[in-house]
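Working notes, structure below.
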Amino acid sequence: MKNKILGIFVILLFFCIVFSCNFDNQENFITDGTEIIEISFSESGFKYSVRNNTVSIHGIDDNTLVKLIIPEEIEGLPVTRIASEAFYNIDNIIEVVLPSTIKEIGERAFGSCNKLEKINLPSGIERIETEAFYNASNLTSIFLPATITHYGSTVFYDCHNLNDVQIEDGATIFPPLRGTEINEITIPSSIKIIPSYAFPPSITEVVLPEGLERIEELAFYECNKITSIKLPSTIKFLGSSCFYGVPITQLELPEGIEELGSGCFEGTKIEELYIPKSVKKLGSLDAYWDDWGLETYTLKKITFACDLNEDVINTEYPVI
């Protein structure tokens, strides 16, 4: 009988050890969708992982911190990344101090940190991913270094109090400001690309600099307070529906522009267009203004200086 009881005890102890190990493993490993990442804990309570001799921060044990100071290194290795959702929905954080080693801020890394008022983005940062500051509703100003070469979409979505965005001279890509309440902003002369959802509907005027080459799809989506746009002579590309809902009545396309995406004048009030000889790709040019819930096509006259052969016209979306 004693042997039977002892046997049961040993079996129960074995399962306890197995389940305990599994539980610990679940706490110390996460997945980013492509691989399993081992999570460690620093002496200061940061959750982190190591890859290619660099450190990513995945969170912190203490969710009551008001001022979050990210270390420059852990285990003698540089901290280069704030991982996706690392501090998501931690609503005590008022200030974040990032080290000069940071290169990337992941998706929703500071999303719903709705008390966040101040964060420094160090020179050398290269990527800010989608919704990195989503619903950081107390954030009022931010400085964006010229070293940023990639923004995910809707980086500042629902940052309704963000009204002071400064972009360092030398930057080549403009930030997507959809979801803010900004009504005016200075675009540096170094900017080459205006991304999708670049401007919020609150914007009243935009001056596009010489040197700009691309305006991506939906860049001016529903910016209905803008009444005129002047394209620089350097523009090469207009993306699909890039001026959707902007009530401009005319737009001069400069010689040198090469591609017009489908519907790039859709939702405007443009009646006449001149298509320069330089255009090499041409999508649908449909333009309508839906004042009464009906599609009213406003384009009445199009002059084509460019060739209209199969290489130019997108046959999936006829020109008009």
Ile125 vs Arg127, side chain to side chain contact (heavy atoms under 4.5 Å, CB included): CA-CA, chis, key distance, verdict: CA-CA 6 Å; Ile125 189 170; Arg127 299 178 63 90; over 6 Å; no
Using the rule that two of Ile, Leu, Val, Met, Phe, Trp, Tyr join whenever any of their side-chain heavy atoms come within less than 4.5 Å, decide whether [X] and [Y] are in one cluster.
X	Y	value
Ile105	Leu162	yes
Ile182	Ile191	yes
Ile39	Tyr88	no
Leu308	Leu299	yes
Ile226	Phe174	yes

ring-ring contact (aromatic ring centres under 6.0 Å, His included) partner of Phe220, chosen from Phe199, Tyr244, Phe265: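 Exactly one candidate clears the test, Phe199.
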Crowding at [atom1], [X] (>12 non-hydrogen neighbours, <6.0 Å):
X	atom1	value
Gln250	CD	no
Lys225	NZ	no
Glu126	CD	yes

Under-4.0 Å salt bridge between Glu131 and Arg108: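 So Glu131 pairs with Arg108 through a salt bridge.
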Can you check whether [Y]'s main-chain N or O pairs, donor with acceptor, with [X]'s side chain at less than 3.5 Å?
X	Y	answer
Asn120	Pro122	no
Ser190	Gly170	yes
Glu255	Ser278	yes
Asn135	Asn114	no
Thr204	Asn183	yes
Glu168	Phe143	no
Ser196	Glu217	yes
Thr234	Glu213	no
Thr130	Gly152	no

Nearest-0.5 Å distance, [atom1] of residue [X] to [atom2] of residue [Y]:
X	Y	atom1	atom2	result
Ile60	Ser44	CD1	OG	6.0 Å
Ser40	His58	OG	NE2	9.5 Å
Leu238	Ile194	CG	CD1	11.5 Å
Ile167	Leu177	CD1	CG	6.5 Å
Glu107	Glu85	CD	CD	8.0 Å
Thr268	Leu273	OG1	CG	7.5 Å

Parallel, tilted or perpendicular: ring planes of Phe46 versus Phe87, cut at 30 and 60 degrees: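 Judged by the thresholds at 30° and 60°, the geometry between Phe46 and Phe87 is perpendicular.
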Less than 4.5 Å apart, any side-chain heavy atom of [X] and any of [Y]?
X	Y	value
Ser100	Glu72	yes
Ser241	Glu266	yes
Leu208	Ile235	no
Ile270	Ile248	yes
Glu216	Ile193	yes
Leu260	Leu253	yes
Leu231	Ile215	yes
Val50	Ile74	no

Where [X] and [Y] come nearest, the two heavy atoms and their spacing:
X	Y	result
Ile257	Pro276	CG2-CG, 3.9 Å
Phe156	Pro176	CD1-O, 3.7 Å
Ala86	Ile57	CB-O, 3.6 Å
Glu252	Pro254	O-CD, 3.4 Å
Leu116	Lys118	CD1-O, 3.5 Å
Val79	Thr101	O-OG1, 2.6 Å

Verdict with reasoning, Ile90 to Leu68, per side chain to side chain contact (heavy atoms under 4.5 Å, CB included): CA-CA 11 Å; Ile90 300 180; Leu68 180 66; over 6 Å; no
Candidate pair Asn161 and Asn138, rule side chain to side chain contact (heavy atoms under 4.5 Å, CB included), full reasoning: CA-CA 6 Å; Asn161 289 313; Asn138 261 12; 4.2 Å; yes
Side chain to side chain contact (heavy atoms under 4.5 Å, CB included) between Arg178 and Tyr157, intermediate numbers included: CA-CA 6 Å; Arg178 183 81 178 182; Tyr157 199 78; 4.2 Å; yes
